[in-house]
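Scroll down for the structure; my scribbles are underneath it.
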Amino acid sequence: MTDSADAPQRTAIVTGAARGIGAATAGRLAADGYAVAVLDLDAAAGADTVAAIEKAGGRALAVGADVSDEAQVTAAVDEVAERLGAPTVLVNNAGVLRDNLLFKMTAADWDTVMGVHLRGAFLMSRAVQKHMVDAGFGRIVNLSSSSALGNRGQANYATAKAGLQGLTKTLAIELGRFGVTVNAVAPGFIATDMTAATAERMGITFEQFRQDCAAQIPVRRVGTPQDVADAVSYLAGAGSGFVSGQVLYVAGGPLN
Ligand code: NAP
């Protein structure tokens, strides 16, 4: 959020922002006043998110990069700094699932999930931190998950999401002195393409899956991408400067 009418517009990067939680978060941060880099594997995939932001009067740029690729991350962050301004907010949201029970999980399934979630968040945070340190202000928000507490069929994903909590706390310790806070949001069940794919894999309809999950959630509904975007907005804003190294569960009830 800009501090005053004449303050420069701050720039945020949201990874995996072509759809789902990332798209909602990009829209929310644009509404909060940030220029938003909509980063996804392919710049063309981010076009709808950018168009929605521009239609609402915001400023956005689609950027293509695989967050697990060091050279692509460096190039993407350089492009954002040049075209939108130095990024001082980073939301590490890009994610993939390669669910399977341990005995069927391949090493490639393991490596892919670690690469996108952990290596991706590491590379993006490392590339962006210099801009934050120069500005004396920064906000990093990592997307963890309730699966970090353990979830059948997700040895790779649960490990990555728990690892992101360790990264969050460590970067909070390292970067705090530069005005940079680092937090995680850990969503429970959020209705997106990702959970729709899980329903398909389980052989049930998405509607049935949502109803079954909602019955187990204290607020009796599943989450929406907007629920997560609103939580990220708080952690990305100027008003959360004394909150760092925290994991905020956005799950319709207490999880830990
Ligand atoms: P989604 O709908 O599958 O969207 C994920 C986005 O990330 C896609 O646009 C995807 O691009 C992009 N992406 C994948 N690999 C990438 C890479 N290497 N580099 C750049 N972008 C990449 O997922 P979502 O449900 O919105 O989830 C967003 C985040 O929240 C993820 O980190 C997820 O683990 C986490 N989360 C989700 C839930 C939930 O219930 N949905 C719960 C807890 C945590 P492609 O379309 O090209 O693959």
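Keep in mind that what you see is a predicted model, and the values were worked out from it rather than measured. One-based numbering, in listed order, for ligands and for the atoms of each. Just so it is clear, the values below take in all heavy atoms, side chains as well, and ignore hydrogens, waters and symmetry mates.
Evaluation of the side-chain hydrogen bond (donor to acceptor under 3.5 Å, both in side chains) rule for Glu79 yields Arg83 as partners, not counting sequence neighbours. For Phe209, the ring-ring contact (aromatic ring centres under 6.0 Å, His included) partners are Phe189, not counting sequence neighbours. Arg28 is linked by a salt bridge (Lys or Arg N to Asp or Glu O under 4.0 Å) to Asp32, Asp230, counting only residues two or more places apart in sequence or in another chain.
Scanning both residues, Ala135 and Thr88, for their nearest heavy atoms gives CB-CG2, 3.8 Å.
For the residue pair Asn92 / Ser125, a side-chain donor-acceptor distance below 3.5 Å is found, with atom types taken as modelled.
With salt bridges taken as basic N to acidic carboxylate O contacts below 4.0 Å, one links Glu70 and Arg126.
Listed by chain and residue number, the protein contacts of ligand 1 are Gly16, Ala18, Arg19, Gly20, Ile21, Asp40, Leu41, Ala65, Asp66, Val67, Asn93, Ala94, Gly95, Val96, Val116, His117, Leu143, Ser144, Ser145, Tyr157, Lys161, Pro187, Gly188, Phe189, Ile190, Thr192, Asp193, Met194, Thr195 (heavy atom within 4.0 angstrom).
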